[in-house]
Amino acid sequence: KDYLDPLAYTHFNAEGEIEFKSILFLPKKAPFDMMDNYWTKKSEVKLFVRRVLVAEKFDELLPRYLNFVRGVVDSDDLPLNVSREQLQQNKIMKVISKKLVRKVLELMKKLAKDEEP
């Protein structure tokens, strides 16, 4: 959807108690409607389970203040036949969300550090 190259991106494999792969992008320009529909806009991160799309716009992966971040998350630990309500209460989703937020904030901190004179 975005015609500009990303400002920055991070790609990582999380291993340990939960394994997932992710690539996250920070857009070069802020979306024009970023603050207009702050409460209704969904996150642009797609959730895959074993390379099968489960949720196109899934709210629970990133907090609302990071809804401009785009990307893909692929997990082998989540069940395929699961409803959105079950995913929202899933412990695995909470751990994935925590790790994604940490990675996005690290990426933003690194960007800020690189731009300092």
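Computation of the quantities below employed the complete heavy-atom set of this structure, encompassing side-chain atoms and omitting hydrogens, waters and symmetry-equivalent molecules.
When the side chains of ILVMFWY residues are joined at heavy-atom separations under 4.5 Å, either directly or via intervening members, Val72 and Leu62 end up in two distinct hydrophobic clusters. Hydrophobic clustering keeps Phe48 apart from Val95 (ILVMFWY residues linked when any side-chain heavy atoms are closer than 4.5 Å, directly or through intermediates). Under the 4.5 Å side-chain heavy-atom criterion for grouping Ile, Leu, Val, Met, Phe, Trp and Tyr, Ile23 is not connected to Leu7 through any hydrophobic cluster.
Distance NZ/Lys99 to CD1/Ile96: 8.5 Å, rounded to 0.5 Å. Remark: Lys94 NZ to Ile18 CD1 distance equals 11.5 Å, nearest 0.5 Å. In this structure, CE on Met108 lies 6.5 Å from CG on Leu66, to the nearest 0.5 angstrom.
Scanning all heavy atoms of the two residues, the minimum distance from Ala8 to Leu111 falls at CB-CD1, 3.8 Å. The shortest non-hydrogen separation linking Val101 to Tyr65 is CG1-OH, 4.1 Å. In terms of heavy atoms, Val45 sits closest to Arg70 at CG2-C, 4.4 Å.
Taking 4.5 Å as the limit, every side-chain heavy atom of Leu78 sits out of range of all side-chain heavy atoms of Arg50. Counting heavy atoms from C-beta outward, Val69 and Lys103 have side chains that stay 4.5 Å or more apart. Between Arg51 and Leu53, the closest side-chain pair of non-hydrogen atoms is not below 4.5 Å. Looking at heavy atoms from C-beta onward, Leu26 lies in side-chain contact with Phe68 at the 4.5 angstrom threshold.
Looking only at distances, no side-chain donor or acceptor of Asp74 sits under 3.5 Å from a matching main-chain atom of Leu47. Using a distance-only test at 3.5 Å, with no hydrogens or angles considered, a donor-acceptor pair links the side chain of Asp77 to the main chain of Glu19.
Scanning for salt bridge (charged side-chain N to carboxylate O under 4.0 Å, His left out) contacts around Lys46 gives Glu56, with sequence neighbours left out. Judged as a side-chain contact (heavy atoms from CB on, under 4.5 Å), and not counting sequence neighbours, the contacts of Ser22 are Phe12, Phe20, Leu24, Val73, Leu100.
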* Ile92/Glu17 under side-chain contact (heavy atoms from CB on, under 4.5 Å): CA gap, chis, key distance, verdict -> CA-CA 9 Å; Ile92 297 172; Glu17 60 186 81; over 6 Å; no

